[in-house]
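Working notes, structure below.
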Amino acid sequence: LKFWWYCLYRDILAEKEFSGRPRAQFAPACILSIVAILRGTQVAPLVWSYAVVAEVFALNNLLVCGLFYVLVRYVDGPSLRWACWGSLLVGVGLSNHHTFVVYAAPVALYVAWRGRGFLFRPRTLVMVLAAFLLGLLPYAYLPLAGAVPNPLTWGDHSNLSGIIHHVLRRDYGTFQL
């Protein structure tokens with residue numbers, strides 16, 4: 001939803017011509033629609049049910065919005081900067097919740113296709129992969145967390161099989177929504 005606000009805001013309020021009139025004339029309509037969407041989501045029970053508890057879904061939603069923001073910026077002008085930011089967000093998103101792959105896979109395929117002229121150069125590819133691995137860095141904390149017994153830690157992260165068990169999310173019903 002926030003992705004569409006950004007597109008609406010960017011397209012309508014840009015200083016270019018739109019139907020023969022400056023886009024700035026459409027600013028009040030754009031602002032009113034954004035306010036209406038914000039007010040509507042503020043009272044939605046589903047939004048509030050996830051906003052008042054510690055769950056992964058709020059961060060997942062934020063990361064998806066960030067991914068779509070980066071995608072829009074990449075579509076405006078493909079660059080290494082936005083490819084690296086997107087790659088970083090994909091890594092963080094995958095370390096947060098496995099359903100992020102539903103959004104990340106099509107975006108990654110589109111970005112790879114759109115940037116095929118420059119993304120597959122060795123230096124560029126290394127930078128994009130490094131950003132992705134940087135996003136997966138929260139998994140590096142698992143062995144440290146598993147080294148000391150803690151009642152708040154879910155599962156055994158002290159060995160490689162426990163870490164693989166956690167990464168595959170077997171305790172959570174892997175890929176069973």
Does any part of the side chain of Trp85, heavy atoms only, come nearer than 4.5 Å to the side chain of Tyr69, both counted from C-beta?
no
Side-chain heavy atoms nearer than 4.5 Å, only ILVMFWY residues, links allowed to pass through others: does that put Val101 and Trp113 together?
yes
Ignoring hydrogens and geometry, is there a side-chain-to-backbone donor-acceptor pair from Ser87 to Val128 under 3.5 Å?
yes
If you count heavy atoms of other groups shown closer than 6.0 angstrom to CZ of Arg123, is the number above 12?
no
Is there side-chain contact between Leu94 and Phe132, with at least one heavy-atom pair below 4.5 Å?
yes
Could you tell me if the side chain of Leu134 sits less than 4.5 Å from the side chain of Leu137, heavy atoms only?
yes
Which heavy atom in Ala131 sits nearest to a heavy atom in Cys84, and how many Å separate them?
CB-O, 3.4 Å
Considering only heavy atoms from C-beta outward, does the side chain of Val107 approach that of Tyr74 to under 4.5 Å?
no
Can you name the one residue among Leu89, Val111, Asp76 that meets side chain to side chain contact (heavy atoms under 4.5 Å, CB included) with Leu71?
Val111
Look up atom CZ in Phe68 and atom CG in Leu63, then write down how far apart they are to the nearest 0.5 Å.
12.0 Å
Gap between atom CE of Met127 and atom CG of Leu119 - 0.5 Å precision
11.5 Å
Taking atom OH of Tyr139 as the centre, report whether more than 12 heavy atoms of other residues, nucleotides or ligands fall under 6.0 Å from it.
yes
By side chain to side chain donor-acceptor pair (under 3.5 Å) - contacts of Tyr141 (at least two apart):
none
Residues which pass side chain to side chain donor-acceptor pair (under 3.5 Å) with Arg114, listed by chain and number, not counting sequence neighbours
Tyr110
Side chains of Leu67 and Phe100: does their closest heavy-atom pair fall under 4.5 Å?
yes
